[in-house]
Student: 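Would you mind keeping the following structure in view while I ask a few things?
In what follows, chains carry the letters A, B, and so on, assigned in the order in which the sequence lines appear, proteins first and then strands, with residues in each chain numbered from 1.
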There are 2 protein chains.
Amino acid sequence: MKISLNHKSPIPLHIQAEELLRKMIKDPQFQNGKLLPNEIDLAKQLAISRTTLRQALNKLVYEGLLIRKKGVGTKVADAMISSKSANWLSFSQEMKARGIPIKNFELHVSWIYPEEIIANFFNIKTDQKILKLERLRGRPEGPFVYFVSYFHPRTGLTGEEDFKRPLYDILEADYNIITELSKEEISAKAADKFIAAKLETEPGSPILFRKRFVYDQAERPVEYNLGYYKADSFVYSVESRRG
Amino acid sequence: MKISLNHKSPIPLHIQAEELLRKMIKDPQFQNGKLLPNEIDLAKQLAISRTTLRQALNKLVYEGLLIRKKGVGTKVADAMISSKSANWLSFSQEMKARGIPIKNFELHVSWIYPEEIIANFFNIKTDQKILKLERLRGRPEGPFVYFVSYFHPRTGLTGEEDFKRPLYDILEADYNIITELSKEEISAKAADKFIAAKLETEPGSPILFRKRFVYDQAERPVEYNLGYYKADSFVYSVESRRG
DNA sequence: AATATTAATATGTACAAACATATTAAAACA
DNA sequence: TGTTTTAATATGTTTGTACATATTAATATT
């Protein structure tokens, strides 16, 4: 494993160190309770201060991935079961995994000036056009989900891509954007006229609304995604353990 | 509010600062997006270094209770967003941490013969009575969530417990049941007549429905819980990383 | 040989200082 | 007056340093 950081990169060192630690955690070399290198040595090896390294370590300790013990050292926490991997499946892959036949009803690409919330998330100005992708998908009998995605200009997407391919495949294979982190907010709301029309239901009918914020390995924003699911068409499942 | 720390105490200063910040979060003075005092002033006031104060702030930011913005300041996060690390907190503790006053509208305990689904989950026969707990809770202005819980006989709960105490406290302190794993399924549905009446809304209005399966350390089923949240009263937030 | 002491090791706590960057408000300019 | 520039403010990043404390291993003592 490459154990060094890029000191010239604009990506903060503690973020780089965090990424490296995440990789180390996955390395069998450090599994089964074996200790990581101690803070002082590792900091020296990465050519950063112990404080900066601890900033990275702390985050993983908060997340329960590392366990520190005074006077002993730092080890990787016992593996835990989580729905994380399932969470990462894209819509099409998710449905495929469940054996549900998927029909694409609409697919619309456009370049738009972002609303303030989105520009804010992407950390860009509202006068810079970004790619917007709208999709209406569902079963052969009818649509059950309406997606709206916005992409950061950094992705390099042109809008000419074949969006029938899984999105994260396109980003990774063609644009070398490796998505790593996703934050989601799930709530219920009533369908407005627009959404109701798309999903072929009545205004006011219940909708599962999912906001999704997707980041790359350096925690830079990549995608802002909104999903409107017809009630009873989708169940979001989460598995969590006590931290 | 007393804004000072005990420098002679054996309790670390960053822990004391964290406790103080938790109190500040509950203070109406800092609600509604008002900013906390800035780091440098607050550190000076507490007679600790900025680094130490940030140690405390970081923890609350990670828990989703505080939001920091460069160049602007630090504010208390909007309520109703259940944060990732707080996932495990019970309803009452979550609200308490945010200083939201909670009113218990109804609390009803009964012994019932379980439906097949529940008996199946608990791995018992349908002719064995189990404890059912119904709760209607919300803000002083009105209820926004209706819970139904079923408990495995193994828990030892009698129904005479003081359910105003946090549930997981009762289980752990009084019955030595340590809950460890929780599986949740979140979906949207329309309120039926019964739920609509409880939540003081119209039948057909959108509801965020959460099924929760709780297990102990040996992964034995402990609780089967259903939650009906009024739309817009609750946002479920999840953070996941590519596994 | 059993026990107490000491040393080595690793994390925990805490401070001071400097510079970077985002945001907003005030001042200067056209 | 409207726009640009500048300054003030607040958080973000990073280093260096020092001492405290828990744990374990090595050493000395009884």
Student: According to ring-ring contact (aromatic ring centres under 6.0 Å, His included), who are the partners of Y113(A), at least two apart in sequence or on a separate chain?
Tutor: none
Student: In residues 34-44 of chain A, which ones come under 4.0 Å of DNA chain C, going by heavy atoms?
Tutor: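 Those residues whose heavy atoms fall under 4.0 Å from DNA chain C, taken from residues 34-44 of chain A in numerical order, are N38(A), E39(A), I40(A).
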Student: What's the CG-C1' distance between L66(A) and dT11(C), to the nearest Å?
Tutor: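 My rounded result for the distance is 13 Å.
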Student: Reading nucleotides 19-24 of chain C from the 5' end, what letters show protein touch, with B for base, S for backbone sugar-phosphate only, - for no heavy atom under 4.0 Å?
Tutor: --BBS-
Student: Check the phosphate of dA10(D) against R68(B), side-chain N and O only, distance under 4.0 Å to OP1 or OP2. Yes or no?
Tutor: no
Student: List for me each residue that meets side-chain contact (heavy atoms from CB on, under 4.5 Å) alongside E185(B), sequence neighbours excluded, and say none if there are none.
Tutor: V235(A), S237(A), K211(B), F213(B)
Student: How many whole angstroms separate atom CG of L13(A) from atom P of dG12(D)?
Tutor: 17 Å
Student: Using 0.5 Å steps for rounding, measure from the OG1 atom of T179(B) to the CG atom of L167(B).
Tutor: 8.5 Å
Student: Give every donor-acceptor pair under 3.5 Å between a side-chain atom in residues 64-74 of chain B and any protein atom, sequence neighbours left out.
Tutor:
from   : atom 1 : to     : atom 2 : distance (Å)
R68(B) : NH2    : N58(B) : OD1    : 2.3

Student: Listed by chain and number, what are the side-chain contact (heavy atoms from CB on, under 4.5 Å) partners of Q55(A), not counting sequence neighbours?
Tutor: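 Testing Q55(A) for side-chain contact (heavy atoms from CB on, under 4.5 Å), a comparison that skips the adjacent residues, returns H14(A).
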Student: Pairs in or reaching into residues 161-170 of chain B: which pass salt bridge (Lys or Arg N to Asp or Glu O under 4.0 Å), with residues at least two apart or in two chains?
Tutor: R165(B)-D174(B)
Student: Mind checking what makes side-chain contact (heavy atoms from CB on, under 4.5 Å) contact with S4(B), not counting sequence neighbours?
Tutor: K2(B)
Student: With Y228(B), which residues qualify under ring-ring contact (aromatic ring centres under 6.0 Å, His included), at least two apart?
Tutor: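 Y228(B) satisfies ring-ring contact (aromatic ring centres under 6.0 Å, His included) with F209(B) once adjacent residues are dropped.
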Student: Between dA16(C), dT15(D), dT13(D), which nucleotide gets closest to the side-chain atoms of S49(B)?
Tutor: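 Between dA16(C), dT15(D), dT13(D), the one nearest the side chain of S49(B) would be dA16(C).
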Student: Check whether any side-chain N or O of R137(A) sits under 3.5 Å from a backbone N or O of L107(A) as a donor-acceptor pair, and report yes or no.
Tutor: no
Student: Please list, chain by chain and in numerical order, all residues satisfying ring-ring contact (aromatic ring centres under 6.0 Å, His included) with F163(B), sequence neighbours excluded.
Tutor: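 Partners of F163(B) under the ring-ring contact (aromatic ring centres under 6.0 Å, His included) test: none.
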Student: Could I get the full list of ring-ring contact (aromatic ring centres under 6.0 Å, His included) partners for Y175(A), not counting sequence neighbours?
Tutor: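 Result, ring-ring contact (aromatic ring centres under 6.0 Å, His included) vs Y175(A): none returned.
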Student: So which of residues 51-60 of chain B are in contact with DNA chain D, with a heavy-atom cut-off of under 4.0 Å?
Tutor: R54(B)
Student: Given atom CD1 of I11(A) and atom P of dG12(D), what is their separation to the nearest angstrom?
Tutor: 18 Å
